[in-house]
Amino acid sequence: MSVVPGDIDTGQGPPMTVPLRHFVVAVGFLVGATALAAADAARTLPGLAGLAHVHLLLAGWVCITIMGAMTQFVPVWSGVALHSRRLASAQLWLVATGLLGMAGCFLLAALPWVHVFGTLALAGFWTFAYNIGRTLARVDGLDVTEAHFAFALACFLAVTTLGFLLALSYATPVFAALPVARTGAVSAHATLAVFGAILTTVFGALYQLATMFTQTELHGVDHHLRRVESYGYPAGVLALATGRLVGSAPLARVGGALVCLAVAGFSVLLARRLIETRVDRTPMLSRYAVVAVAMAGWSLLSAPAWLTDPLALAHRFGGPDTVHLLALGVVGFVVLGTLYHIVPFIVWVHRYSDLLGFEDVPMIDDLYTDRLAAVDFGLFSAGTAGLVAADLLALPAVAVPLSGALVAAGTVVFAVNLLSVLRNHSPRTLGGVLFGRASGEEDAGADDGAREERPA
């Protein structure tokens with residue numbers, strides 16, 4: 001059974017091309033990051049290939065996906081008009097150009113130029129934060145999803161500010177005049193990026209998506225877990241980031257404990273939604289099941305490390321051997337699963353929703369190929385499991401490149417499957433999605449008139 005939400009107003013969202021453009025560009029960053037990692041594993045690349053890969057993967061694939069998703073669904077969920085469609089289009093190209101330039105500088109060791117492209121990325125992320133922030137400002141009383149998104153936007157501002165200072169430090173000793181060390185700024189930057197901007201958005205979105213697409217409601221212990229996460233997680237992120245910035249191990253230790261506790265609690269909440277689901281298994285829910293397990297495993301493995309030494313470089317993303325579990329098992333599967341619904345949903349609404357009752361139309365889950373979805377799930381799962389096992393166990397050296405190849409293959413199959421939705425069902429061609437102007441896209445939401453009423 002395919003779930004088609006009937007209680008949200010899609011008319012509040014931007015033109016179809018705006019979010020789809022973000023998702024297509026984000027998938028391009030995913031493929032590029034995967035190819036770069038594979039090339040670096042096969043033959044060590046010059047420059048700072050690791051930094052280039054991290055920025056293409058997290059800032060490019062994940063954050064651009066977040067930008068597109070918030071731009072589409074904040075107006076829809078909250079029942080208010082997007083502040084500005086023009087800014088929503090501009091933010092993408094500023095961020096994409098800036099990130100590509102930064103990655104090129106890292107690879108070519110042209111470090112004094114990083115801040116030049118970093119300025120473009122900063123402008124793009126701040127434009128996004130301003131646009132969604134102004135949209136949320138029209139809402140009377142933030143619900144749990146909107147509150148998470150508001151905190152994530154604040155983290156986007158903080159992390160990009162620190163990122164710009166770090167980029168500028170390649171050209172001038174900017175931290176010599178600041179009361180914090182560069183190493184502390186790097187750790188705080190990474191903390192706010194992964195646990196602030198990204199995971200906070202993940203939690204906020206899953207409160208909506210995990211209930212909507214399992215057709216379940218929070219009940220019993222779920223409400224207690226939600227309160228622990230809603231208050232403890234933001235406080236933990238701020239304490240962990242601040243402790244790392246100023247070099248305070250006790251403050252970072254408290255923050256790390258709160259983050260681990262909140263993530264563990266949310267993994268239980270998500271698992272309960274999946275166990276109680278009233279719908280058939282979909283690519284989205286299959287991937288969310290992996291996320292629930294990965295969250296639980298990450299929190300258990302990370303808590304001892306952060307309680308012992310939260311300032312250690314090896315513990316920046318949790319336990320010393322949990323980076324793939326977090327990046328792929330949690331973040332990767334959330335984004336892959338969510339895109340398996342968001343992209344077909346947007347295309348379906350614009351192509352088929354008006355035809356309901358007049359002719360036979362496909363359901364949302366009919367727009368992509370089930371067989372390819374199963375293949376990319378198997379490849380990505382096997383590759384992720386291999387990389388996590390290689391982190392935790394003494395596996396043969398061949399395990400890492402082999403597992404990386406499986407992840408890369410799964411990524412390509414995923415990209416082909418989603419892009420085929422646009423090719424076969426979208427009223428616009430792929431080129432039209434990327435570079436065409438949608439009807440009404442030139443209008444600024446700030447001039448759209450009075451705020452719309454929120455749905456009950």
Side-chain angles (χ1 to χ4, degrees), residues 3 5 7-8 66 69-70 73-74 76-79 132 136 139-155 192 194-241 254-279 284-285 287-300 302-303 306 318 326 329-331 333-335 337-338 341 454-456:
V3 179
D7 57 350
I8 57 177
I66 287 173
M70 278 202 196
F73 285 107
V74 165
V76 171
W77 281 331
S78 303
I132 301 301
L136 285 173
V139 177
D140 293 330
L142 302 182
D143 65 17
V144 64
T145 291
E146 294 157 347
H148 277 73
F149 286 176
F151 180 71
L153 292 178
C155 290
L192 289 170
V194 174
F195 300 101
I198 294 175
L199 276 188
T200 303
T201 305
V202 166
F203 290 155
L206 287 179
Y207 276 115
Q208 287 276 356
L209 297 175
T211 52
M212 180 186 300
F213 294 106
T214 59
Q215 294 188 1
T216 63
E217 298 291 339
L218 301 186
H219 63 92
V221 71
D222 297 328
H223 294 294
H224 299 293
L225 295 173
R226 182 185 63 182
R227 280 191 288 270
V228 169
E229 186 279 323
S230 296
Y231 295 102
Y233 186 77
V237 170
L238 291 178
L240 181 60
V254 171
L258 287 173
V259 169
C260 289
L261 178 64
V263 173
F266 192 89
S267 71
V268 175
L269 187 151
L270 178 59
R272 281 168 55 85
R273 303 280 59 72
L274 297 170
I275 292 171
E276 296 174 9
T277 183
R278 302 173 182 174
V279 303
M284 171 189 269
L285 299 185
R287 285 152 182 80
Y288 285 179
V290 176
V291 172
V293 174
M295 281 185 179
W298 176 87
S299 60
L300 290 174
S302 298
W306 277 0
L326 178 65
V330 177
V331 177
F333 275 96
V334 164
V335 176
T338 304
H341 184 83
R454 296 184 74 187

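Atoms considered below: every heavy atom in the structure, side chains included; atoms not considered: hydrogens, waters and symmetry mates. Remember, it's a predicted structure, so these values are computed and weren't measured experimentally.
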For the residue pair [X] and [Y], establish whether any side-chain heavy-atom pair is separated by less than 4.5 Å.
X    : Y    : value
L206 : Y288 : yes
L258 : Y233 : no
S230 : V144 : yes
D222 : R226 : no
L269 : E229 : no

[X] (side chain) donor-acceptor with [Y] (main chain) under 3.5 angstrom:
X    : Y    : value
R273 : E217 : yes
S267 : A264 : yes
S302 : S299 : no

**Message:** Checking side-chain polar atoms at under 3.5 Å, does Q208 have a donor or acceptor matched by the opposite partner on H148?
**Reply:** no

Starting at [atom1] of [X], measure out to [atom2] of [Y] and round the result to the nearest 0.5 Å.
X    : Y    : atom1 : atom2 : answer
F213 : H341 : CZ    : NE2   : 3.0 Å
D143 : S78  : CG    : OG    : 6.5 Å
E276 : T214 : CD    : OG1   : 8.0 Å

**Message:** What verdict does the side-chain contact (heavy atoms from CB on, under 4.5 Å) test give for L153 and L136, after you've listed the backbone C-alpha separation in whole Å, the side-chain angles of each residue and the deciding distance to 0.1 Å?
**Reply:** CA-CA 11 Å; L153 292 178; L136 285 173; 4.1 Å; yes

**Request:** Please test F151 against L238 for side-chain contact (heavy atoms from CB on, under 4.5 Å), starting from the C-alpha separation and ending with a verdict.
**Result:** CA-CA 10 Å; F151 180 71; L238 291 178; 4.0 Å; yes

Looking only at heavy atoms, what is the nearest atom pair of [X] and [Y], with distance?
X    : Y    : value
L225 : G265 : CD1-O, 3.6 Å
V330 : A294 : CG2-CB, 3.7 Å
W77  : L209 : CZ2-CD2, 3.9 Å
T145 : G204 : OG1-O, 2.7 Å
T211 : L218 : CG2-CD2, 4.1 Å
L326 : W298 : CB-CD1, 3.8 Å

**Asked** Passes ring-ring contact (aromatic ring centres under 6.0 Å, His included), F195 versus F203? Steps please.
**Response** CA-CA 10 Å; F195 300 101; F203 290 155; 9.8 Å; no

